[in-house]
2 protein chains.
Amino acid sequence: MPRISPERREAKRAEIVTAARRCFARDGFHQTSMPDIAAEAGVSAGAPYRYFASKEEIILAITGDTFRLIFDPVRRLADGADAPTVADLVLACLEPIGGQSVTDAAGHDVSVDELLRCAVQTWSELLRNDDIHARANEGFDGVRASIAHALRRGQQADTVPAGLDPDQGARTVMGLLHGFLLQRVAFGLTDTSGLAASLRAVLGAAG
Amino acid sequence: MPRISPERREAKRAEIVTAARRCFARDGFHQTSMPDIAAEAGVSAGAPYRYFASKEEIILAITGDTFRLIFDPVRRLADGADAPTVADLVLACLEPIGGQSVTDAAGHDVSVDELLRCAVQTWSELLRNDDIHARANEGFDGVRASIAHALRRGQQADTVPAGLDPDQGARTVMGLLHGFLLQRVAFGLTDTSGLAASLRAVLGAAG
DNA sequence: TGTCAAGATGAATGCTCATTCACGGTGAGC
DNA sequence: GCTCACCGTGAATGAGCATTCATCTTGACA
């Protein structure tokens, strides 16, 4: 006999995750204390432990969400493109990192700024957390495969140069995704649509 | 009357920095304790405080070195190119992140793996340390300006498409630098020379 | 070689923080 | 409206850590 309904429980858990993301985006994983998260969520210091066994588990939930929310739109666009150009695929990568908010699985808005700041923290974290590293690699390889596959379709449709190795090309596109992501949160990149024009200028003739 | 000569003092300081970089690369800035650094350097727990006022100051020294060692070779190559193509400039960015070691100001070898792992940590750190953020922006803007200038020279020499905005183009090249850097330390990128071929395949016709 | 200012040591100090738990509340199902 | 299994609370616990400092050691200079 649960004291609260599963829906209520899930909603509360989501509130804690949201509070944690806000804290992590502001102060980083390791400068944020569990009491900080509890206070941000408006609950007592012990409350988060009713939903997560440890701080590590909260971090894991956040990093998982981060990958999903950034990568899913990219994969959707890449998989849906029939005769894409290289520029099209780069633009697909810019899509989730150019806006102000995205919608999570539960239908709630998540700030892209917070999301990207957590993504950068995640890169640091995966360097010494094997669990996060494995999940990140899984996510990375999935998107990379989607992009490589799209490049192959582009080569068949003659919209992508035949001389391009699809796997190397996919790595290059992923490089731009990560690089522009970092520039947005750390190096004052505001105009992602302007980049589109530049890309077409360089790639115009070739793809 | 100093007890040790300035050279000795400088050498000892460098030993502590080297030990710190090894620790930071392995465990991260915040999972590394001051006693860890001291032990790695083979000195007592109090010794680092004879050379640095705080852990923060060591982190600052490391992040400064990191930017210098990665960016200086890129700027040197970009500034030295008379009629560069876009691919040339991307390759200049790949140069410092493709090797096994680089040489620091004092002539000592520094492991590129350690350097790049510290670089990724630095991105997290600059999100909430204004001092590091300011230095990072300074470094970023410097390289970006060098690349933009090289692109302009390329446009005059007709080796770079005239329709490319040099500032946007420089951001794109920087994006690849950061993106490939991350892939090397986190996502199993080993063959940077293969990327060169891909780049030329995509850019071949245009730049 | 003697002197002593500065370097090195490592135990001690005073924090912060993750996590726990004993103690009230409260809502779902009867 | 009763019950109780679970929820929320917040003070307490214990570990870890940055930093300090009294004390010992050493090397540069005379």
Side-chain angles (χ1 to χ4, degrees), chain A residues 1-63 121 124-125 128-129 131-132, chain B residues 1-63 121 124-125 128-129 131-132:
Chain A
M1 187 209 296
R3 213 202 95 207
I4 59 178
S5 64
E7 298 76 32
R8 241 181 118 75
R9 188 177 169 81
E10 190 44 50
K12 192 91 187 205
R13 188 190 141 106
E15 270 177 47
I16 292 171
V17 167
T18 297
R21 180 163 42 229
R22 192 152 43 228
C23 289
F24 289 157
R26 188 199 316 125
D27 302 320
F29 293 148
H30 301 293
Q31 277 62 44
T32 296
S33 70
M34 287 295 269
D36 286 344
I37 296 173
E40 182 77 35
V43 296
S44 69
Y49 287 93
R50 295 274 168 199
Y51 297 86
F52 298 93
S54 64
K55 185 179 171 181
E56 161 105 11
E57 212 172 80
I58 300 183
I59 293 179
L60 231 52
I62 294 283
T63 57
Q121 314 267 353
S124 285
E125 211 54 22
R128 69 216 113 69
N129 181 321
D131 203 343
I132 294 179
Chain B
M1 189 208 296
R3 215 201 95 207
I4 59 178
S5 64
E7 297 76 32
R8 245 180 115 77
R9 188 177 168 81
E10 189 44 51
K12 191 93 187 204
R13 188 190 142 107
E15 271 178 45
I16 291 171
V17 167
T18 298
R21 179 161 43 228
R22 193 152 43 228
C23 289
F24 290 156
R26 188 200 315 124
D27 303 320
F29 292 148
H30 301 293
Q31 278 59 44
T32 297
S33 70
M34 285 296 268
D36 286 344
I37 296 172
E40 183 76 35
V43 297
S44 69
Y49 287 94
R50 293 276 163 193
Y51 296 87
F52 299 93
S54 65
K55 185 179 172 181
E56 160 103 12
E57 211 171 83
I58 300 184
I59 293 178
L60 230 52
I62 294 283
T63 56
Q121 313 267 352
S124 284
E125 210 54 21
R128 70 217 113 68
N129 181 321
D131 203 343
I132 293 179

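Everything numeric in this text was worked out from a predicted model, so none of it was measured. All values below were derived from every heavy atom in this structure, side-chain atoms included, with hydrogens, water molecules and symmetry-related copies excluded. The chains referred to below are lettered A, B, ... by the order of the sequence lines, with proteins before strands, and numbering in each begins at 1.
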Check your understanding: With a 4.5 Å limit on heavy-atom distance, are the side chains of Glu10(B) and Arg13(B) in contact?
Key ->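 A side-chain contact under 4.5 Å exists here.
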Using the test side-chain contact (heavy atoms from CB on, under 4.5 Å), find all partners of [X] that sit at least two apart in sequence or belong to another chain.
| X | result |
| --- | --- |
| Arg128(B) | Gln31(A), Gln121(A), His30(B), Ser124(B), Glu125(B) |
| Glu15(A) | none |
| Ala25(B) | Glu114(B), Arg117(B), Cys118(B) |

Check your understanding: Side chain of Val43(B): nearest nucleotide among dC7(D), dG8(D), dT9(C)?
Key ->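 Nearest to the side-chain atoms of Val43(B), counting from C-beta on, is dT9(C).
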Practice item. Could you check which residues of residues 45-61 of chain A get a heavy atom under 4.0 Å from DNA chain D? Sort them by number, please. Key: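 Listed by number, they are Ala45(A), Gly46(A), Ala47(A), Arg50(A), Tyr51(A).
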Review point. Which residues, if any, of residues 13-35 of chain B bring a heavy atom under 4.0 Å of DNA chain C?
Key: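 Within this stretch, nothing sits under 4.0 Å of the strand.
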Review point. What pairs meet the salt bridge (charged side-chain N to carboxylate O under 4.0 Å, His left out) rule with one or both residues in residues 32-53 of chain A, with sequence neighbours excluded?
Key: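 Checked against salt bridge (charged side-chain N to carboxylate O under 4.0 Å, His left out) - neighbours excluded - the pairs reaching residues 32-53 of chain A are Arg22(A)-Glu40(A), Arg26(A)-Glu40(A).
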Exercise for review: Over all heavy atoms of both residues, which pair between Leu60(A) and Ile132(A) is shortest? Give the atoms and the distance, please.
Suggested key: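 The pair with the smallest heavy-atom distance is CD1-CG1, 3.4 Å.
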Review point. If you look at every heavy atom in Ile62(B) and Val17(B), which pair is closest and at what distance?
Key: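 Answer, listing the atom of Ile62(B) first, then Val17(B): CD1-O, 3.5 Å.
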Review point. Whole Å only: how far is the CG atom of Asp36(A) from the P atom of dT16(C)?
Key: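 Checked: the CG to P distance equals 12 Å.
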Review point. Lys12(A) NZ to dG27(C) P: how many Å, rounded?
Key: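 After rounding, the reported distance stands at 11 Å.
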Check your understanding: Does Thr32(B) reach the main-chain N or O of Phe29(B) with its side chain, forming a donor-acceptor pair under 3.5 Å?
Key ->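 No; judged by distance alone, with no hydrogens or angles, the pair does not exist.
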Review point. Are OP1 or OP2 of dG10(C) and a side-chain N or O of Ser44(B) less than 4.0 angstrom apart?
Key: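 Checking dG10(C) against Ser44(B), no side-chain N or O comes under 4.0 Å of OP1 or OP2.
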